[in-house]
Q: 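Got a structure for you, questions after.
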Number of protein chains: 2
Amino acid sequence: MRRRTAPTPPAESAPGTRPLRADAERNRQRLIAAARELFARRGLGVTLDDIAHHAGVGVGTAYRRFANREALVEAVFEDQAQALIARAEHALDHADPWDGLAEFFQASARHFAEDRGLREVLLHGTHGRTRMAALRERLTPAVGALLVRAQEDGRLRDDVEATDFPLIQLMLGVVTEHSREVAPELWQRYSTLILDGLRAERAAPTPLPHRALDLDEFDQTMARHHSS
Amino acid sequence: MRRRTAPTPPAESAPGTRPLRADAERNRQRLIAAARELFARRGLGVTLDDIAHHAGVGVGTAYRRFANREALVEAVFEDQAQALIARAEHALDHADPWDGLAEFFQASARHFAEDRGLREVLLHGTHGRTRMAALRERLTPAVGALLVRAQEDGRLRDDVEATDFPLIQLMLGVVTEHSREVAPELWQRYSTLILDGLRAERAAPTPLPHRALDLDEFDQTMARHHSS
DNA sequence: GACCAAGCGGAGATGCCATCTCCACTTCCG
DNA sequence: CGGAAGTGGAGATGGCATCTCCGCTTGGTC
């Protein structure tokens, strides 16, 4: 809905509600921007207090504007989710069915790697009974069509299905989660490996685009994190 | 160290400390058993209070016997980790290098799927500066040898390394984590897929041992969970 | 330029939950 | 049977996120 660069600050609210005062609307935008950044970096678990301070407004303002975290999540991710769906639909137009699938696969993985919040919204699904759920449900059939097309072309193994896709992305997400500081692009290594597993057949392995962690990096990776 | 079925209840403690009174030792065993069960089912995050009640003893007893969760974790998992290491070392003796690797790969995945605590101890590594870290460090070279052997035999792709193994297991772990109640063996599907990615070459795909989730199951899977 | 509704900030109330202590009581064992 | 060892569990402690409240500021309107 909202275009990132929309030149129209006001309007947009539900009919019947009067528009926000200019300064309030400005703060609202700041909150969304701050939330976008913190969600991307630290996941949906960040506190509204954090977001408020990062936006340079008081906590009260945050709670006045967004009843709960849900509302803020929707305001932040509606765009990004739509974009991903669009991307899946465009991939169907790719000349080569396998390449269309593979590119979308990698592009999704990149989105999810770069935005922890997006990953949590679409793949962890906790934040459930919202508009986000509806978006997730639009993604699955688009992916399904991509898979079928590549299977009919004979290059994707026959036994994968639409629900496999998000679960595989979920698996890649955990690599990103752990290796974030040490090798933020490590996911590429495993996504290529998995794509090789998805091919109907192949002679040589596809070269992996990222080297393996060495033992030090591995230790650092394993030593991080507890929760999420 | 401790044999599960050891007929000798006492002894074993550090030299210089007198052995525990019989009832105390009994409670200690109960605590370890309860911890083993709860760690396996709900992960290392369970509270000592929970464990104590589950063991049928008071919380005070738990804290008197184990200074912190670490100590309890070690008492519970030393065995299991040793067993996994032994398994890796035995896999080197398998007649077929690839089969030795693949069997160990699947066996590990199964261990990790069936015991969330083990998974967290060996793959999440948070619980860091303990004897567990040392065990993790014994596992890596054993796995490395398995990989090299399969590569020399020409059936494992050349570009995988020892550190890839635990990261892949970590990825499988997240599937188990999410699908636990819906399809606890779903990891088999993805572990087979990944093994197909690890092969140096192949004609047809290996049949996947577990069907994909249907849309309902998928929704349930995604709807669970938040933390840990 | 003055008025007041709208908005602001942020200290602190509230609630939650895990860790760990303490001591009056019970049990073991020599 | 006596004293040392062990027990249990209520509650103290501390951390942490959510959300409220109200005295103060600001925007915009006449």
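Note on naming: letters A, B, ... go to the chains in the order of the sequence lines (proteins, then strands), and numbering restarts at 1 for each one.
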Q: At under 4.0 Å between heavy atoms, which parts of nucleotides 24-30 of chain C does protein reach? Answer with one letter per nucleotide, 5' to 3': B base, S sugar-phosphate only, - none.
A: ---BSS-

Q: Using side chain to side chain donor-acceptor pair (under 3.5 Å) as the criterion, list what pairs up with A:Asp214, not counting sequence neighbours.
A: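 Residues passing side chain to side chain donor-acceptor pair (under 3.5 Å) with A:Asp214: none at all.
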
Q: Can you spot which of A:His111, A:His124, A:Glu177 makes a side chain to side chain donor-acceptor pair (under 3.5 Å) with A:Arg119?
A: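 Exactly one pass, corresponding to A:Glu177.
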
Q: Taking 4.0 angstrom as the limit, do B:Asp50 and B:Arg42 come out as a salt bridge?
A: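 A salt bridge links B:Asp50 with B:Arg42.
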
Q: Restricting to side chain to side chain donor-acceptor pair (under 3.5 Å), what partner residues turn up for B:Arg87, sequence neighbours left out?
A: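 Not a single residue meets the side chain to side chain donor-acceptor pair (under 3.5 Å) criterion with B:Arg87.
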
Q: In whole Å, what is the span from the CG atom of B:Leu38 to the P atom of C:dA18?
A: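 Taking atom P of C:dA18 as the reference, CG of B:Leu38 is at 13 Å.
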
Q: Residues two or more places apart in sequence or in another chain: which of them pass ring pair (Phe, Tyr, Trp, His ring centres under 6.0 Å) with B:Phe165?
A: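 Ring pair (Phe, Tyr, Trp, His ring centres under 6.0 Å) list for B:Phe165, sorted by chain: B:Phe104, B:Phe105.
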
Q: Sugar-phosphate means primed atoms, P, OP1 and OP2; the rest is base. With that split, encode nucleotides 8-24 of chain D 5' to 3' as B, S or - using protein heavy atoms under 4.0 Å.
A: BB-------SBBB----

Q: Between A:Glu185 and A:Gln188, is there a side-chain donor-acceptor contact under 3.5 Å, judged purely by atom types and distance?
A: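 Yes, a side-chain donor-acceptor pair sits under 3.5 Å.
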
Q: In whole angstrom, what separates B:Ile51's CD1 from C:dC17's P?
A: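 Going from B:Ile51 (CD1) to C:dC17 (P), I get 18 Å.
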
Q: Whether B:Glu114 and B:Arg110 form a salt bridge (side-chain N of Lys/Arg under 4.0 Å from carboxylate O of Asp/Glu) is what I want to check.
A: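 B:Glu114 and B:Arg110: salt-bridged.
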
Q: Without placing hydrogens or testing angles, list every side-chain donor-acceptor pair under 3.5 Å for residues 60-68 of chain A, not counting sequence neighbours.
A:
unit_1, atom_1, unit_2, atom_2, d
A:Asn68, OD1, A:Glu70, N, 3.3
A:Asn68, OD1, A:Ala71, N, 3.0

